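One structure is given here, and the rest of the page talks about it.
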Number of protein chains: 2
Amino acid sequence: MSTRKGQIKLGAFLMNTGHHVAAWRHPDAWSNNGLTFTHYRQLAQTAERAKFDMVFLADGVAVRRDSDREALSRSGQIVHFEPLTLLSALAAVTEHIGLVATASTTYNEPYHIARKFASLDYLSNGRAGWNVVTSASEAEAHNFNREKHMEHALRYERAREFLQVVTGLWDGWEDDAFIRDKESGLYFEPEKLHVLNHKGKHFSVRGPLNVARPPQGYPVIVQAGASDDGQDFAASTAEVVFTAQQTLAEAQAFYKGLKGRLATYGRSPEDLKIMPGVFPVIGKTEAEAKEKYDQLQNLIHPRVGLALLSGNLGGFDLSAYPLDGPLPDLPETNLNKSRQKLVTDLARRENLTIRQLYQAIAGARGHRTIWGTPEQIANQLEEWYTLDAADGFNIMPPYLPSGLDDFVDLVLPILRQRGLFRSEYEGQTLRENLGLPRPANQFSSITASA
Amino acid sequence: MSTRKGQIKLGAFLMNTGHHVAAWRHPDAWSNNGLTFTHYRQLAQTAERAKFDMVFLADGVAVRRDSDREALSRSGQIVHFEPLTLLSALAAVTEHIGLVATASTTYNEPYHIARKFASLDYLSNGRAGWNVVTSASEAEAHNFNREKHMEHALRYERAREFLQVVTGLWDGWEDDAFIRDKESGLYFEPEKLHVLNHKGKHFSVRGPLNVARPPQGYPVIVQAGASDDGQDFAASTAEVVFTAQQTLAEAQAFYKGLKGRLATYGRSPEDLKIMPGVFPVIGKTEAEAKEKYDQLQNLIHPRVGLALLSGNLGGFDLSAYPLDGPLPDLPETNLNKSRQKLVTDLARRENLTIRQLYQAIAGARGHRTIWGTPEQIANQLEEWYTLDAADGFNIMPPYLPSGLDDFVDLVLPILRQRGLFRSEYEGQTLRENLGLPRPANQFSSITASA
């Protein structure tokens, strides 16, 4: 059926109790998954058995929106493992699957990040990936000595320099620097150390790093920025882009646009894999899938739904209005204007009640929801892959563990049968499995030509 | 034989290839241990099988002394795992042993540290410990946007506030805050969240932490500062103190002095365990032990020995002098004057050659070296424990893995036979095994009395 060469790449995006806003309340969900290692171990081993390319973990350095404590106290996404520690533990109990952690360039120092990801790459024998984010919430600023979140352009400026420092530190030692010759007493060859001496606008970092060059050269660089700055940053440095796309046409346009930017940086289209998020609700029949989805939607506590809606409507408080009545006319605000218009238009166009409106925007948080039979879901993924809308997908199970199990047990066999997904890992490292080249060392090539 | 109640506490201080400066050159040493997880897994499992209280990892955020690249290239301590990632991985393959990582308050942010150690405490089911250091090298400053290392008193001032923020974040959630009631939809009890809102001289941190209160309340707080500031800081907050003591009399004085400071902070002597470092060289006979020690000493490459000596002599370069001749008269410098006098006096008093002098100060880096038969080593440990010079010891194997194996196989059975060391772990958490109380939550007690 497929004409496009190659196979679909897959991430297992594990979000605490699951991606749905009410996931933790589902009867089958592990409501304490966020801080229970044995659960994560099982999930990672399931994903590995199924030959996923990677486990993907989001992150933020704050509890968000705690001003509305009543709504917060009903959220299942509040407390959870810190990703780098969790993935290090998972590295010890898996052998093949990639381990991708999110870390912010706005609230970290490049020496720490270069070091920790290099360390994870050694712990896992070349399976680490770094999802580079610039952070997006004021709550994070307040935990790091700042009153306000750093302005968008400045964040990206800092992120670019941050990446430059981190890759410079990774390249500080040549791949074959450490000879460890007990006889002569030489531990490394002195000319294979390149001290960075970076002095820039945001950072002064001398180096060298106290970890050798990572097994993958660099851990795989992942990004998810959708803005023009974000896409340009991705085109220059990212190797995997995680993105939210709702329709085939939008996804194709994004795919074409981002791949088109690569040439500017001397890169080929296959040097960057585009993986939209997919939130699959799977039933043996279409009716069963719909029923499953409705069950989740009905578990959204009105306080949580209203808080979510309020966040999308410039902070307007809807708690005095009937849930099953229409959205009232709202005063215009300056907070997130375009989002407010989007949500208001949706309510008017589809004639939604307040409850229906928050249900519509809950769940997958802007990502593509597909509910249906395994066959229908496989068709959807195949279509996007074949028609150049995606190189793969970041699978976002609605609740855990069943949401992941269902995908593995019901959808993957169909993709495999169609030749669209691997039966065995192709390589040892994440980079090899994703079909990404191992980066050359920027300093040793200089040495070679000198 | 012993009259003192209780038993010796033991740490396995794992330093890359081993603690001796030439460890990696030893024929039995794993010269690539620093970045080989399977090696560390074996070492941690050996220590756990032997019922050690904890694995202890030192840390610094720089490669030190790389100005003398010729000497550096002969050191085995250059590249290694980052401790928090390594211990997280070890948490997944051990069940009982404590996991203590060093992290600096000078080059970190409290939110990250609170979070990562809380995460490690959950990953390990209550086995995490934090060795709090303020860092000591200019090289670290250069990797973190600074030209100079922060001045001593300021470092300690920052460290105190850092601890205040970190413990405040750990206490942000009461132990029983998370009820996760699927039926009612309440994930936590709103009144059991205490937002920190810290605004101090060095830090503004709002909180709350996105990890629940750690299983141990707080991970065990370890310190090693020997200065007056350092000891005072330890007396107010530390639960384990790692220290370098050479003689019984010195160790007893330190022990008495530090325990004596505890009352000022409303603490009992048993709330803080003092664990000097011990560098054991074990032979079946005294002669074999001496031979082993000499073998290690002779593996010190002269470039490494001279660089070490130079660092102890205000930077003076001795490379033009004969190794087996006497120490020349040196000009006085202003760098590390007291250290210079100590080393010069030692050379004069014992009439040492340059080679003998660097051998004398190499090896255990100021920690107590004991070479002898298993019986002799057990006697030494028993003496210090019984005569109130120590509550336990941080064992520093000269090279790995044999240095640890020898201690476990030869010395521990003797201590065990004498009733001085456990045969089984007493509790589940590191805190329980060390006999330390679980700290109360500073905020929930306020709530309770309100």
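Predicted model only: the values in this text are computed from it and were never measured. Just so we're on the same page: letters track the sequence lines, and every chain starts at 1.
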* Heavy atoms, side chains only, cut-off 4.5 Å: are A:Phe178 and B:Asn32 in contact? -> no
* Structure fact -> The interface call for B:Asn16 against chain A, heavy-atom contacts under 4.5 Å, is neither
* Asked: When only pairs under 4.5 Å are counted, which of A:Pro27, A:Gly207, A:Ala62, A:Ala118 shares the most heavy-atom pairs with chain B?
  -> A:Ala62
* Asked: What are the two closest non-hydrogen atoms of B:Asn143 and A:Pro208, and how far apart are they?
  -> ND2-O, 4.4 Å
* Structure fact -> Cut-off 4.5 Å, heavy atoms of chain A, and the answer for B:Leu209 is backbone
* Structure fact -> Of A:Asp181, A:Thr36, A:Leu299, the largest count of non-hydrogen pairs under 4.5 angstrom with chain B goes to A:Asp181
* To do: List the atom of B:Val211, the atom of A:His80, and the distance in Å for their closest heavy-atom pair.
  => CG2-O, 3.5 Å
* To do: Name the region of B:His198, side chain, backbone, both or neither, that has any atom closer than 4.5 Å to a heavy atom of chain A.
  => neither
* To do: Check each atom of A:His202 against the heavy atoms of chain B and say whether the ones under 4.5 Å are side chain, backbone, both or neither.
  => backbone
* To do: Under 4.5 Å heavy-atom distance to chain A, tell me which part of B:Pro110 shows up: side chain, backbone, both or neither.
  => neither
* Asked: Below 4.5 Å, heavy atoms only, C-beta onward: do A:Val195 and B:Arg69 meet side chain to side chain?
  -> yes
* Select, from B:Ala29, B:Ser124, B:Ala177, B:Ala139, the one with the greatest count of heavy-atom pairs under 4.5 Å involving chain A. => B:Ala29
* Structure fact -> Heavy-atom nearest pair, A:Glu109 first then B:Phe144, reads CB-CE2, 3.8 Å
* Ignoring hydrogens and geometry, is there a side-chain-to-backbone donor-acceptor pair from A:Arg74 to B:Ser184 under 3.5 Å? -> yes
* Between B:His112 and A:Val61, what is the shortest heavy-atom contact and its length? -> CE1-CG1, 3.9 Å
* Side chain, backbone, both or neither: which part of B:His142 has a non-hydrogen atom closer than 4.5 Å to chain A? -> both
* Output the option from A:Leu120, A:Val165, A:Asn197, A:Asn108 having the highest count of non-hydrogen pairs under 4.5 Å with chain B. => A:Asn108
* Which portion of A:Asp59 sits near chain B, non-hydrogen atoms under 4.5 angstrom -> side chain
* Per-residue contact mode, B:Ser75 against chain A (heavy atom under 4.5 angstrom) -> backbone
* Show your working on side-chain hydrogen bond (donor to acceptor under 3.5 Å, both in side chains) between B:Thr85 and A:Ser119 and close with a plain yes or no. => CA-CA 7 Å; B:Thr85 44; A:Ser119 193; 2.8 Å; yes
* Donor-acceptor pair, B:Arg41 side chain versus A:Ala92 backbone, under 3.5 Å? -> no
* Asked: How far apart are the closest heavy atoms of A:Pro83 and B:Arg115, and which atoms are they?
  -> CD-NH2, 3.6 Å
* Which pair of heavy atoms, one from A:Val63 and one from B:Tyr111, lies closest together, and at what distance? -> N-OH, 4.1 Å
* If you tally heavy-atom pairs under 4.5 Å against chain A, which of B:Ser73, B:Ser88, B:Ser31, B:Ala141 wins? -> B:Ser73
* To do: Keeping the roles fixed (side chain from B:Asn210, backbone from A:Ile78), state whether a donor-acceptor pair exists under 3.5 Å.
  => no
* By a 4.5 Å heavy-atom criterion (distance strictly below it), what part of A:Ala91 contacts chain B: side chain, backbone, both, or neither? -> neither
* To do: With a 4.5 Å cut-off on heavy-atom pairs, point out which of B:Trp173, B:Tyr122, B:Phe37 contacts chain A the most.
  => B:Tyr122
* **Validation row: A:Lys116, B:Leu84 side chains within 4.5 angstrom (heavy atoms)** => yes
* Asked: Short question: side chain of B:Asn145, backbone of A:Ser204 - any donor-acceptor pair under 3.5 Å?
  -> yes
* Within a strict 4.5 Å, meaning less than it, do heavy atoms of the B:Leu193 and A:Leu72 side chains meet? -> yes
* Asked: For A:Glu183, is it the side chain, the backbone, both or neither that has a heavy atom under 4.5 Å from a heavy atom of chain B?
  -> backbone
* Could you tell me how the ring of A:Trp24 sits relative to the ring of B:Tyr187: parallel (under 30°), tilted (30 to 60°) or perpendicular (over 60°)? => perpendicular
* To do: Indicate yes or no for a side-chain donor-acceptor contact from A:Arg25 to the backbone of B:Lys182 under 3.5 Å, with no hydrogens or angles considered.
  => yes
